[in-house]
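Dropping the structure in here first, questions after.
The sequence lines fix the lettering, A, B, ..., with proteins before strands; numbering per chain opens at 1.
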Number of protein chains: 2
Amino acid sequence: MDARERLITSTQALLWERGYVGTSPKAIQQRAGVGQGSMYHHFAGKSDLALAAIQRCAEQIRAFAEDRLSGSGGAYERIESFLLNERDVLRGCQLGRLTQDPEIVANPDLHRPVDETFDWLRRRLATVLAEGQASGEFAPQLDPEDVAATIAGVMQGGYVLAKAAGSDEPYFCAIRGILGMLALQTIQARRALS
Amino acid sequence: MDARERLITSTQALLWERGYVGTSPKAIQQRAGVGQGSMYHHFAGKSDLALAAIQRCAEQIRAFAEDRLSGSGGAYERIESFLLNERDVLRGCQLGRLTQDPEIVANPDLHRPVDETFDWLRRRLATVLAEGQASGEFAPQLDPEDVAATIAGVMQGGYVLAKAAGSDEPYFCAIRGILGMLALQTIQARRALS
DNA sequence: GTCTATAATACGATAGAC
DNA sequence: GTCTATCGTATTATAGAC
């Protein structure tokens with residue numbers, strides 16, 4: 001892996017752990033095993049390097065979500081797979097983390113990929129929910145757009161609760177809660193209840 | 001308001017906007033209109049002042065939540081009141097914000113009030129949900145602990161989505177989603193469906 | 001491409017006058 | 001209690017040698 005690539009992956013890791021404000025060029029260089037001259041040769045500065053790292057995060061997150069949400073199985077199963085196959089609960093979401101950073105919010109170039117990725121995720125989840133409705137899996141009362149935001153929200157909020165507790169238990173607790181409610185929206189469950 | 005009090009409220013505001021890492025003693029002093037000597041007279045340093053500010057945040061959040069959740073009305077109504085009467089969606093949660101800060105997580109004194117407050121909130125929400133179940137308002141299938149984590153999660157995640165979008169729309173979208181699903185858990189709704 | 005040297009500014013805290 | 005002066009370190013870059 002060349003210096004440019006190592007700089008990007010090191011920046012990704014540090015942004016994830018410490019955010020934009022908490023990440024210094026020096027720390028990036030040390031983690032990448034690269035000198036100052038090299039960094040400023042490949043990138044114009046901290047924000048330029050951060051942009052490359054954020055775009056890389058966005059690509060990876062989309063690829064993971066798309067893999068789970070376009071897999072085989074029903075709409076409920078695919079959403080379940082997306083929410084439960086989370087390996088880094090205590091590290092949280094690479095992009096959700098940046099949302100809290102005032103310097104990211106203030107910089108349109110850095111903010112845009114974050115905004116676009118969450119927008120894409122909400123639309124993608126809404127599509128899956130609408131598919132489930134069309135196939136008769138989910139009740140017609142369910143609003144795909146609202147519930148998509150709820151699912152994306154529970155996931156992001158689950159990370160917050162997990163970090164607060166220092167344990168991934170609250171994340172999976174919150175996910176069990178939403179999945180249980182979603183399961184009760186399925187036609188089968190409603191039929192069993194009546 | 002004396003200098004000590006102004007220092008605490010200024011620190012609260014800056015922690016909310018910029019987090020612990022992004023908040024400097026100098027910025028606190030300027031916002032409070034207080035000199036360096038005054039700050040170091042009243043507080044041992046940045047972390048000591050942050051502790052006072054975080055404890056104040058925790059008190060205020062508990063007071064707000066308790067006010068909504070112990071009000072009159074049914075369990076659903078009280079939860080709805082808690083989730084919808086949020087005035088500062090784009091500013092997010094004062095404590096949820098700190099969850100992302102590595103220096104908060106690493107410092108047990110600063111981390112404890114954050115942990116305890118979210119723990120309290122989840123238990124308080126679970127109590128309200130269990131009350132609703134006992135009174136026959138909610139279906140017995142609903143797991144109060146799981147759904148409590150879901151509700152706290154949607155709220156925290158809603159802030160994340162709102163900041164990403166630069167609008168409070170995703171927050172209220174996510175809240176509508178969870179409230180809609182919760183409403184369908186009520187006995188009346190299930191009776192109407194069957 | 002990568003290195004070292006250097007710079008201007010900010011951070012977090014201490015000292016001591018008043 | 002509050003002020004100004006000062007300190008040692010870190011930040012974010014630039015310059016120029018190699």
Side-chain angles (χ1 to χ4, degrees), chain A residues 1-56 97-98 100-111, chain B residues 1-56 97-98 100-111:
Chain A
M1 202 158 62
D2 63 354
R4 195 190 143 83
E5 196 59 24
R6 283 205 309 281
L7 283 163
I8 292 176
T9 55
S10 296
T11 305
Q12 279 187 277
L14 284 165
L15 286 179
W16 198 1
E17 287 170 21
R18 310 188 44 80
Y20 185 81
V21 174
T23 296
S24 70
K26 191 179 182 179
I28 294 169
Q29 293 150 27
Q30 286 175 341
R31 187 166 191 137
V34 148
Q36 231 166 7
S38 179
M39 188 193 114
Y40 282 100
H41 170 74
H42 291 291
F43 298 96
K46 181 180 170 178
S47 66
D48 186 39
L49 178 46
L51 178 59
I54 291 171
Q55 285 170 338
R56 183 69 60 88
R97 169 74 182 80
L98 299 177
Q100 308 284 342
D101 223 304
E103 305 208 20
I104 298 282
V105 174
N107 184 329
D109 289 337
L110 299 179
H111 189 204
Chain B
M1 200 157 65
D2 63 354
R4 193 190 145 83
E5 195 60 24
R6 283 205 309 280
L7 282 164
I8 292 176
T9 55
S10 297
T11 304
Q12 279 186 277
L14 283 166
L15 286 179
W16 198 359
E17 287 169 23
R18 310 189 42 82
Y20 186 80
V21 174
T23 296
S24 69
K26 191 179 182 180
I28 294 168
Q29 293 151 24
Q30 286 175 341
R31 186 164 192 139
V34 149
Q36 230 167 8
S38 178
M39 188 194 115
Y40 282 101
H41 169 75
H42 291 291
F43 298 96
K46 180 180 170 177
S47 66
D48 186 38
L49 178 46
L51 178 59
I54 291 171
Q55 285 171 338
R56 183 70 59 88
R97 170 74 182 82
L98 298 177
Q100 309 284 341
D101 223 304
E103 304 208 19
I104 298 282
V105 174
N107 184 330
D109 290 337
L110 299 180
H111 190 203

Closest heavy-atom pair and its distance - A/R56, A/E5: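 Where A/R56 meets A/E5 most closely, the heavy atoms are NH1-OE2, 2.7 Å.
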Shortest side-chain distance from B/Y40, nucleotide among C/dT14, D/dT2, D/dA13: C/dT14
Whole-Å gap separating C1' (D/dT11) and OH (A/Y20):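 One finds 12 Å between C1' of D/dT11 and OH of A/Y20, rounded.
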For atom CG of A/L49 and atom P of D/dT11, their distance in whole Å: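 The distance from CG of A/L49 to P of D/dT11 comes to 15 Å, rounded to the nearest Å.
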Any side-chain heavy-atom pair of B/Y20 and B/I54 under 4.5 Å: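 No. Closest side-chain heavy atoms not under 4.5 Å.
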Listed nucleotide nearest any side-chain atom of B/K26, set C/dC11, D/dA13, C/dG1: C/dC11
Closest contact, heavy atoms only, A/P108 versus A/A106: CD-O, 3.3 Å
Residue closer to the 5' end of DNA chain D, A/A27 versus B/A3 (nearest nucleotide):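 By nearest-heavy-atom nucleotide position, the 5'-most residue is B/A3.
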Interatomic distance where CE belongs to B/M39 and P belongs to D/dT4 [whole Å]: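 From B/M39 CE to D/dT4 P: 16 Å.
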First encountered from the 5' end of DNA chain D, between B/Q36 and A/V21: B/Q36
Atom-to-atom span, CG of B/L7 to P of C/dG12 - whole angstrom: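 In whole Å, C/dG12 P and B/L7 CG are 15 Å from each other.
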Ion pair B/E17/B/R31, N-O distance below 4.0 Å: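 Looking at B/E17 and B/R31, the cut-off is met.
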Between P of D/dG1 and CZ of B/F43, the distance in whole Å: 13 Å
Nearest-angstrom distance from the residue atom CD1 of A/I28 to C1' of D/dA10: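 Computing the A/I28:CD1 to D/dA10:C1' distance gives 14 Å.
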Atom-pair distance (NE2 on B/H41; P on C/dG16), nearest Å: 18 Å
Nucleotide nearest B/S24 (side chain, heavy atoms from C-beta), chosen from C/dG12, D/dG1, C/dT2: C/dG12
B/K46 NZ - C/dC11 P separation (whole Å): 9 Å
